[in-house]
Amino acid sequence: MKIAIIGGGPAGLYSAILLKKQRPKAEITVYERNRADDTFGFGVVFSDATLDNFEKYDPPSYRRITREFAYWDDIAVHFRGTVHRVGGNGFCGCSRRTLLLILQERARELGVSLKFETDIEDEARFADADLVVLADGINSRFRDKYIEHFQPEVDIRSNKFAWMGSTRPLDAFTFIFQETEWGPFIAHAYQYEAGRSTWIFETDPATFKRAGLEGLTEKQSADRMAQIFGWFLGGHPLLTNRSMWRNFPMIRSKRWVKDNMVLLGDAKATAHFSIGSGTKLAMEDAIALADAMHHAPTVETALQQYEEGRREEVEKTQHAADVSLVWFEHVDRFWDFDPVQFAFGVMTRAKAITYDNLTLRAPDFVAEVDKAFAKQVRAKGLDVDITKPVAPMFQPMKLREMELANRAVVSPMCMYSANEGLPGDFHLVHYGSRAIGGAGLIFTEMTCVGRDARITPGCAGLWNDEQEAAWRRIVDFVHANSVAKIALQLGHAGRKGATKLMWDGMDRPLEEGGWDVISASPIPYFPDSQVPREMGRAAMDAVKTAFVASAERGGRCGFDMLELHCAHGYLLASFISPLTNQRTDAYGGSLENRLRFPLEVFEAMRSAWPSHKPMSVRISATDWAEGGINGDDAVAIARAFAEAGVDLVDVSTGQTVRDAQPIYGRMFQTPFSDQVRNEARVATMCVGNITTADQVNTILAAGRADLVALGRPHLVDPSFTLKAAAWYGADSVFCPPQYLPGKEQIFRNSVRDRQDFDDLKIKAKPKTRAELKAEATKPLAAE
Ligand SMILES: Cc1cc2nc3c(=O)[nH]c(=O)nc-3n(C[C@H](O)[C@H](O)[C@H](O)COP(=O)(O)OP(=O)(O)OC[C@H]3O[C@@H](n4cnc5c(N)ncnc54)[C@H](O)[C@@H]3O)c2cc1C
Ligand SMILES: Cc1cc2nc3c(=O)[nH]c(=O)nc-3n(C[C@H](O)[C@H](O)[C@H](O)COP(=O)(O)O)c2cc1C
């Protein structure tokens with residue numbers, strides 16, 4: 001077999017090694033345009049898990065690599081004169097140059113032919129090769145040559161960064177967030193061998209410009225960085241090696257394989273440097289390719305298996321890198337945070353590290369985070385314990401005169417079980433049991449302001465006296481039997497009205513018994529849905545009057561809070577999104593125009609709603625569709641509602657158009673809440689695939705939302721909050737007297753269960769290489 005590999009970086013060399021081990025008789029050649037010891041960059045970083053993989057696949061190169069390593073366990077965050085350290089991270093660094101020399105030596109030893117100073121212009125010269133590996137890096141010539149086939153998507157990120165080195169020793173992966181007269185600068189730094197560390201500097205484009213970095217030489221910009229970070233460098237110089245400032249290209253390719261050619265490493269996909277995974281991904285690609293080549297009968301099927309098997313893992317890493325890079329791009333959002341909360345945000349930015357996970361590794365740090373959170377609550381006038389505070393989820397919150405006992409919320413969830421809009425016994429038991437279960441706030445399902453405002457024939461409403469009495473019964477039950485507050489969500493279905501019950505076909509038009517539907521513009525949801533009537537001023541007035549009348553009824557029922565539903569493609573949302581609003585009058589066109597009617601409705605309701613009670617608005621912060629609402633629009637929408645008197649923005653997403661492309665995942669909507677809260681400076685509630693109390697605490701402690709709503713988890717577990725309180729020992733949680741024996745038991749058992757769980761986790765966690773090295777080098781006397 002003949003294999004040609006274009007590119008002698010980590011991906012190319014490691015694939016040559018693994019393939020040669022598998023097929024000693026194969027003729028394998030690596031073509032590299034540079035000289036053998038030419039290299040850019042300084043150190044590379046691997047996690048312990050990646051090293052375990054290297055050990056399994058090629059022990060000799062693993063041994064040589066790890067001999068050269070610098071290990072560290074801690075992450076240190078420097079911000080506004082403070083430093084917070086968190087241990088147990090298990091990372092190691094090594095010089096990129098050394099890594100490449102080790103891989104070259106190992107490849108040669110196995111019989112791979114290495115051809116340096118050979119720039120490949122055309123792969124036609126490998127017509128007789130069975131396999132051509134395209135490991136030609138981030139600017140891959142061959143990916144570009146077959147651009148139509150590979151379909152790369154290159155997203156050039158806004159921040160500027162430059163890679164430098166230093167002789168400054170470091171004992172932790174170090175993040176320095178530095179205020180300057182021009183704006184914020186960030187250093188990501190780690191040691192990779194004795195007396196050498198990598199320094200990546202990053203800043204936003206405006207700060208870059210203000211700092212006069214544009215057009216400076218490498219040396220001049222290194223001097224400027226040394227000036228800014230001089231207090232930390234302590235006289236150590238900054239070193240350069242092709243250390244130009246650039247913008248990071250986030251690359252994803254739709255296809256990785258063409259005939260017998262395969263893209264590997266940076267050529268196929270990149271991952272932002274803030275999660276230190278570029279070289280790891282490149283070498284793990286080589287492992288995946290070698291595995292596929294080992295098991296598949298032909299090169300063609302091997303390449304297919306490589307792509308199919310590897311894509312999910314790469315995309316997961318890229319997603320984590322995306323979330324992380326966005327955090328760094330928007331660091332100014334958090335610049336006025338308490339330093340410990342800021343450090344918690346740095347640690348948890350990419351979702352892998354959580355509140356519970358940090359409690360296990362760095363309990364003192366989390367105790368400090370809890371204290372800072374409690375102090376903020378106290379600063380808002382609530383009398384909470386700041387010496388031994390409860391976890392953030394169990395901290396109270398006040399909106400106008402409404403005080404919530406904790407920050408867990410039952411999200412609005414249609415039950416499709418009302419008869420002519422009338423809530424019945426099902427609703428009483430449903431809402432009542434969730435209130436007893438301990439959540440601080442319960443939302444009603446979308447409650448419709450008129451018969452024709454319903455989504456389905458089973459939707460609840462509040463447009464007549466009978467419904468008002470039924471809702472009052474529910475509100476009275478909640479108030480009499482729990483400390484939960486209950487919010488009424490009012491909405492109008494718009495073009496998604498007259499559709500089937502969820503279990504009969506979500507959003508599908510009713511076959512019989514339907515009613516006329518209205519919307520901002522006459523665009524049907526599905527091609528075969530009813531075409532909605534475009535609303536004129538008279539229809540708008542009627543809808544506004546209906547919202548106000550229902551709000552007044554809600555006031556009489558005793559609801560504690562009122563929410564206006566402006567999300568998910570329903571009537572008011574259809575005005576806000578340009579995808580559903582194509583009007584040419586004063587209610588269409590600019591965002592300001594599109595918001596005019598929803599704001600008018602909100603303001604009319606606000607006037608009719610008691611001034612001491614809060615109001616919220618639910619928005620879709622993105623349509624997940626080309627040309628639709630995005631996060632920046634959501635900030636503008638939130639600001640407009642805040643000016644009109646909204647107390648909380650309930651940040652959901654999507655469901656505007658049927659061909660949306662949401663990116664699902666754990667807590668997938670939380671970044672939008674984060675953006676709205678910390679840019680528009682309004683209180684937010686986040687929601688969406690949040691399933692554990694650990695995630696709730698992580699979100700709250702990092703300042704990404706003020707309240708956390710859970711929908712589906714509450715459908716199967718009305719006592720979610722009570723159980724979580726037992727886990728965190730928050731015994732101030734409400735429990736009705738009838739259930740106290742159950743509360744005592746779960747609190748007692750939870751202490752033991754939690755201890756057992758923590759012990760198991762600690763036992764199951766392998767020692768990091770840094771810990772093993774520290775043990776091995778410990779002087780005997782110290783034992
Ligand atoms: C300036 C810079 C500095 C970096 N520094 C670091 C760092 O300090 N630490 C770190 O972890 N990561 C660093 N990275 C990222 C890291 O290099 C990559 O994520 C990783 O090296 C990807 O490996 P690869 O084998 O896919 O690509 P590369 O390492 O880029 O290797 C591709 C190779 O292909 C060769 N090549 C390209 N075209 C041809 C051709 N037509 N013919 C022959 N040869 C060709 C190139 O010369 C190169 O050697 C840096 C990236 C850049 C751009
Ligand atoms: C069956 C069902 C009914 C829902 N009804 C409503 C509703 O009436 N009003 C609303 O704003 N959101 C509604 N939603 C959205 C939820 O409030 C919530 O935002 C969504 O389920 C995501 O949260 P989760 O992952 O915690 O379930 C509904 C969701 C589901 C699954």
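Worth saying up front: this structure is predicted, and the values here are computed from it rather than measured. Just so you know, ligand 1 is whichever comes first in the structure, and atom 1 is the first atom listed for that ligand.
Ring centroids of F328 and F248 are separated by 6.0 Å or more, keeping the two rings apart. Side-chain rings of F42 and W163 stay apart, their centers remaining 6.0 Å or farther from each other. Taking the six-membered ring for Trp and the full ring otherwise, F173 and F175 have centroids separated by under 6.0 Å.
Residue W163 holds the heavy atom nearest to atom 15 (C) of ligand 1 of all those in Y190, W199, W163. Distances from atom 53 (C) of ligand 1 to the heavy atoms of R246, K268, E117 show the closest one on R246. Considering each of R33, E32, K280, M164, the one bringing a non-hydrogen atom nearest atom 39 (C) of ligand 1 is R33. Atom 12 (N) of ligand 2 has its nearest heavy-atom neighbour, among R618, M446, M413, in R618. Looking at A11, G43, G7, G165, it is G43 that brings a heavy atom closest to atom 9 (N) of ligand 1.
When only interatomic distances are considered, the shortest N/O to N/O separation between I138 and ligand 1 does not fall below 3.5 Å. Checking only distances, R242 never comes within under 3.5 Å of ligand 1, N or O to N or O. Backbone and side-chain nitrogen or oxygen atoms of A709 are examined, and none is located within less than 3.5 angstrom of a nitrogen or oxygen of ligand 2. Checked against a 3.5 angstrom limit, the closest N/O atoms of S652 and ligand 2 fall outside it. Polar contact check, G12 against ligand 1: no nitrogen or oxygen pair lies under 3.5 Å apart.
Contact between Q669 and ligand 2 is absent, with no heavy atom of the residue lying under 4.0 Å from the ligand. Using a 4.0 angstrom heavy-atom cutoff, E121 does not count as in contact with ligand 1. At least one heavy atom of P713 sits closer than 4.0 Å to an atom of ligand 2. In this structure, I200 does not count as a contact residue of ligand 1, since none of its heavy atoms falls inside 4.0 Å of the ligand.
Annotation for ligand 2: atoms under 4.0 Å from non-hydrogen atoms of Q489 are 7 (C), 8 (O), 9 (N), 10 (C), 11 (O). Atoms of ligand 2 found under 4.0 Å from any heavy atom of S411 (numbered from 1 in listed order, with element): 16 (C), 17 (O), 18 (C), 19 (O). Near V687, the atoms of ligand 2 lying under 4.0 angstrom from a non-hydrogen atom of the residue are 18 (C), 19 (O), 23 (O). Less than 4.0 angstrom separates some heavy atom of Y31 from each of these atoms of ligand 1: 43 (C), 44 (N). Atom numbering of ligand 2 starts at 1 in the shown order; those under 4.0 Å from a heavy atom of G688 are 22 (C), 23 (O), 25 (O). Of all atoms in ligand 2, numbered sequentially from 1 with element shown, those under 4.0 Å from a heavy atom of M502 are 1 (C). Per-residue contacts place N689 under 4.0 angstrom from the following atoms of ligand 2 (heavy atoms of the residue considered): 24 (P), 25 (O). Atoms of ligand 2 lying under 4.0 Å from at least one heavy atom of R712, given by number and element, are 24 (P), 25 (O), 26 (O), 27 (O). Each of the atoms 11 (O), 12 (N) of ligand 2 lies under 4.0 Å from some heavy atom of H568. Below 4.0 Å from some heavy atom of G265 lie the following atoms of ligand 1, by number and element: 26 (O). Near A135, with a cut-off below 4.0 Å to any heavy atom, the atoms of ligand 1 are 32 (C), 33 (C), 34 (O).
Using a 4.0 Å cut-off between heavy atoms, I6 contacts ligand 1 through its side chain alone, with no backbone atom that close. Residue contacts with ligand 1, taken as heavy atom pairs separated by less than 4.0 Å, do not involve M244 at all.
Taking the six-membered ring where tryptophan is involved, the planes of Y664 and F668 are perpendicular, since the angle between them exceeds 60° and thus also 30°. Using the six-membered ring where Trp is involved, Y570 and H565 have ring planes that are perpendicular, over 60° apart on the 30 and 60° scheme.
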message: T240 vs S243, test: side-chain hydrogen bond (donor to acceptor under 3.5 Å, both in side chains). Steps then yes/no.
response: CA-CA 5 Å; T240 56; S243 304; 4.8 Å; no
task: Could you please spell out the steps behind the side-chain hydrogen bond (donor to acceptor under 3.5 Å, both in side chains) verdict for E117 and Y31?
output: CA-CA 8 Å; E117 298 177 69; Y31 300 88; over 6 Å; no
field: Evaluation steps, ring pair (Phe, Tyr, Trp, His ring centres under 6.0 Å), between Y190 and W72
entry: CA-CA 9 Å; Y190 58 90; W72 66 88; 5.5 Å; yes
message: With ring pair (Phe, Tyr, Trp, His ring centres under 6.0 Å) as the criterion, how do F161 and F201 come out once you've worked through the C-alpha distance, each side chain's angles and the decisive distance to 0.1 Å?
response: CA-CA 5 Å; F161 78 98; F201 297 107; over 10 Å; no
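Atom CD1 of I663 sits in a sparse spot, with 12 or fewer heavy atoms from other residues, nucleotides or ligands closer than 6.0 Å. Crowding of D144 atom CG: a count of heavy atoms from other residues, nucleotides or ligands under 6.0 Å exceeding 12.
Not one N or O on the side chain of E32 forms a donor-acceptor pair closer than 3.5 Å with the backbone of F116. Judged by distance alone, the side chain of R508 and the main-chain N or O of T499 form no donor-acceptor pair under 3.5 Å.
Relative to the ring axis of W256, K268 places its NZ or CZ within 45° and under 6.0 Å from the centre.
Distance remark: protein heavy atom present below 4.0 angstrom from atom 16 (C) of ligand 2.
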